[in-house]
Amino acid sequence: MNALQEIADIMNETDKKAFIQYLSKKNKRKDVSNIDLFESLITDDINNKKKFLKDKKSTNAYHALRKRLYDNMIDFMANRSFENDTSQENTVLRLLVVSRLFFEHKLIKTAFKCLAKAEEIALAIEHFSLLNEIYLTQIQFAHFNLSEPIEKIIDKFKANKKRLEYEQQLNLGYAVLRRELAAIYHEGRIVDFQSIIKNTIETHGISLKQGLTFKSLYQILFIANEYASINNNYALVQPFVIKSYRFISKKTNQTDRHLYYHIYILYFIANYYFRNGQFKESLNYLDLMFMELQKQAGKYYQRFCLRYFLLLAFNENYIGNSQKAIEIAEKALSTNKKADPNDSNDIRLMLIVLYIQQNAGRNAVKEMAKLNHTDSWYEKKMGMDWTIKKSLVEILLHTQQENAEIALSRIKSFKRRYKKYLLTVDEERVIHYLLFIEQYVMKPEIIQTQKFQNTLEAFIVSAENGPKDIFIMSFLSWLLAKVRRKPVYETTLGILKTYFLSSDFK
């Protein structure tokens, strides 16, 4: 998809109409084709697109037209974003800019009132970089207000500067760790992430004992959550979850001002409890998350709704409401088609797992067919860990559907592509698990032999004694169900009840 199309796709209908009016006002000649080109981007009429391209694509004029349209689209979206932005941050910026204008025109009293209002809002939203500019402006023009001790302003500036420096150090550390995570997930880079976290914290002088903000807590929780995911051990992030709960409890009067980060924090906490089999706690935080999604006219609903539905469906599934979980996932996919493709892929993969657990093979095959990109493509877009899970689910599906040749082909491909990586990151249990599946595919009756059953039971006991993770046990439950000749879903709930020793299971 080209850049013009990508920008056009994020415009709503009001934006599109306004942009056409914007072009009309700018056009000085009637023979300009920029509106025609834009309409060819937003129309579903393929013939219209082909006709326009056929007429124009071979000429230099066409490429010049595209460049001008691209520049106009960027200018329009930039202005529109600023015009429509009613956030408190934007309000502070406007007050700061207008205060400086008033100072230039010697409207001193009004200028200081604007700065005072800007400071009040910036303090409320803990925006230290804007506060820095406000205090510098107050100091610059302090000679106009002799009744206000300059020492008081300087003290506020210095105190804020310390908070700003800490935030900047945390931002730097967060950026470094995000890049390392991206390399791990999308390039399969093998690193000691625990050491990288430790070194990054030491290098950038990050202290978790310092005062938290909603943004800094989000950044810390993001890294902790990803670290737990890499290690398949969510008990590692328990201290961060407890700290998060305490922080939110003390800041209830500020949550609306930091809505984006507040929603993300609630999501992280809900995910933590789910991965540890504490479904009631997870559902409680999902309820809070849903309430926050409705605020400010649903400003962040589209951004987070699929993540919410993903966790909601997973929780419902593992407390025994499998049909409700499937309905939630199906509805989420059908009614949120313009959501983030990564979130859609997450829900679709989950739905396939739910279908497999219910032995609804045809439905699972239908959904799997929609995940039709190559493994290489998914590694780049979704990450190595997600692609490995997707490949394992696909193998289980073909095995369950008795597509032995396809299953064996996928197993061979999986080992060729991921065996070395999995062994290097100490995930040989995935290879061992795949060996069980391969033996079963090649010789289904082997699962009834005592040797196979004993080996599998020992493998499951070893997994149960390791880090707690609901997805690992779900994969093992599928194979155990085959051995016991029991339904997959029933076996899964049974083994997880013992695994987590939780009353959340029915």
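The first residue of the sequence shown is numbered 1, and numbering continues consecutively from there.
Between Y285 and Y267, the ring centre distance reaches or exceeds 6.0 Å. For F459 and F436, the ring centers are positioned less than 6.0 Å apart. A distance below 6.0 Å separates the ring centres of F290 and Y308.
Between R429 and E427 there is a salt bridge, since at least one side-chain N of the basic residue sits less than 4.0 Å from a carboxylate O of the acidic one. Ion pairing between E330 and R348 fails under the 4.0 Å rule for side-chain N and carboxylate O. Ion pair D346/K389 not flagged as a salt bridge, since none of the NZ, NE, NH1 or NH2 atoms sits closer than 4.0 Å to an Asp/Glu carboxylate oxygen.
Partners of F309 according to the ring pair (Phe, Tyr, Trp, His ring centres under 6.0 Å) rule, which considers only residues two or more places apart in sequence or in another chain, do not exist here.
For K370, the NZ atom sits in a packed shell: over 12 heavy atoms of surrounding residues, nucleotides or ligands are nearer than 6.0 Å. Shown here is Y70, whose OH atom has no more than 12 heavy atoms of other residues, nucleotides or ligands within 6.0 Å. By the 6.0 Å contact criterion, CD on E445 is enclosed, its count of non-hydrogen atoms from other residues, nucleotides or ligands being greater than 12.
In this structure, the separation between CE on M442 and CD on Q439 is 9.0 Å, given to the nearest 0.5 Å. Put simply, CG on D15 and CD1 on I7 are 12.0 Å apart, with the number rounded to the nearest 0.5 Å. With rounding to the nearest 0.5 Å, the separation of CG in D343 from CG in N336 is 10.0 Å. F279 contributes atom CZ, which lies 6.5 Å from atom CG of L496 (distance to the nearest 0.5 angstrom). In this structure, L311 CG and L283 CG are separated by 9.0 Å, a value rounded to the nearest 0.5 Å. Atoms CD1 and CZ, on I411 and R416 in that order, are 12.5 Å from each other to the nearest 0.5 Å.
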Check the pair I460, M473 against side-chain contact (heavy atoms from CB on, under 4.5 Å), reporting the backbone distance first and the verdict last. CA-CA 8 Å; I460 291 175; M473 298 313 296; 4.2 Å; yes
For side-chain contact (heavy atoms from CB on, under 4.5 Å), just list the numbers for L93 and E133, CA-CA rounded to whole Å, side-chain angles, deciding distance to a tenth of an Å, and then say yes or no. CA-CA 10 Å; L93 279 170; E133 293 300 317; over 6 Å; no
So F414 and D375, side-chain contact (heavy atoms from CB on, under 4.5 Å) or not? Walk me through it. CA-CA 10 Å; F414 183 94; D375 287 345; over 6 Å; no
Walk me through whether S129 and L164 qualify under side-chain contact (heavy atoms from CB on, under 4.5 Å). CA-CA 6 Å; S129 60; L164 176 59; 4.0 Å; yes
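Proximity of Y433 to V430: side-chain heavy atoms (C-beta onward) are nowhere separated by under 4.5 Å. Side chains of L293 and I263 form a contact here, defined as non-hydrogen atoms less than 4.5 Å apart. Counting heavy atoms from C-beta on, the side chains of R484 and L480 come closer than 4.5 Å. Q168 has its side chain out of reach of L172: every pair of non-hydrogen atoms, C-beta onward, lies at least 4.5 Å apart. Counting heavy atoms from C-beta on, the side chains of I319 and L493 never come closer than 4.5 Å. Side-chain contact between L130 and E89: present, with at least one pair of heavy atoms (C-beta onward) separated by less than 4.5 Å. Taking the side chain as every heavy atom from C-beta outward, F475 and T492 never approach each other to under 4.5 Å. You'll find the side chain of R275 reaches within 4.5 Å of the side chain of F471, heavy atoms only.
Using bins of under 30°, 30° to 60° and over 60° for the plane-to-plane angle, the ring pair F304/Y264 lands in the perpendicular bin. Note: Y218 and Y260 have perpendicular aromatic rings, judged against thresholds of 30 and 60 degrees for the angle between ring planes. Ring geometry for Y440 against W478 counts as perpendicular: the plane angle is over 60°, on a 0 to 90° scale with 30° as the lower cut.
Between G361 and L397, the shortest heavy-atom distance links the atoms O-CD1, 4.1 Å. When all heavy atoms are compared, the tightest approach of V483 to Q448 is O-NE2, 3.6 Å. In terms of heavy atoms, A122 sits closest to V92 at N-CG2, 3.9 Å. Counting all heavy atoms, side chain and backbone alike, N345 lies closest to W386 at O-CZ2, 3.6 Å. Heavy atoms only, all atoms of each residue included: L349 and K390 are closest at CD1-CA, 3.9 Å. Considering all non-hydrogen atoms of both residues, Y318 and S474 come closest at OH-OG, 2.8 Å.
Judged by distance alone, the side chain of N132 and the main-chain N or O of F128 form no donor-acceptor pair under 3.5 Å. The main-chain N or O of A458 is never found under 3.5 Å from a side-chain atom of S462 such that the two would form a donor-acceptor pair. Using a distance-only test at 3.5 Å, with no hydrogens or angles considered, no donor-acceptor pair links the side chain of E438 to the main chain of L408. Without hydrogens or angle criteria, S409 side chain to E405 main chain gives no donor-acceptor distance under 3.5 Å. Between the E394 side chain and the R410 main chain, no donor and acceptor come within less than 3.5 Å of each other. Using a distance-only test at 3.5 Å, with no hydrogens or angles considered, a donor-acceptor pair links the side chain of N454 to the main chain of Q450. A distance-only check finds no donor-acceptor pair linking the side chain of S282 to the backbone of Q278 [under 3.5 Å].
Residue pairs meeting the side-chain hydrogen bond (donor to acceptor under 3.5 Å, both in side chains) criterion with at least one partner in residues 289-298, sequence neighbours excluded, are D256-K295, H262-E292, E292-K295.
There is no side-chain donor-acceptor pair under 3.5 Å between E367 and N363. A donor-acceptor pair shorter than 3.5 Å can be found between the side chains of Q219 and N171. Side-chain N/O atoms of N317 and Q357 include a donor and acceptor closer than 3.5 Å.
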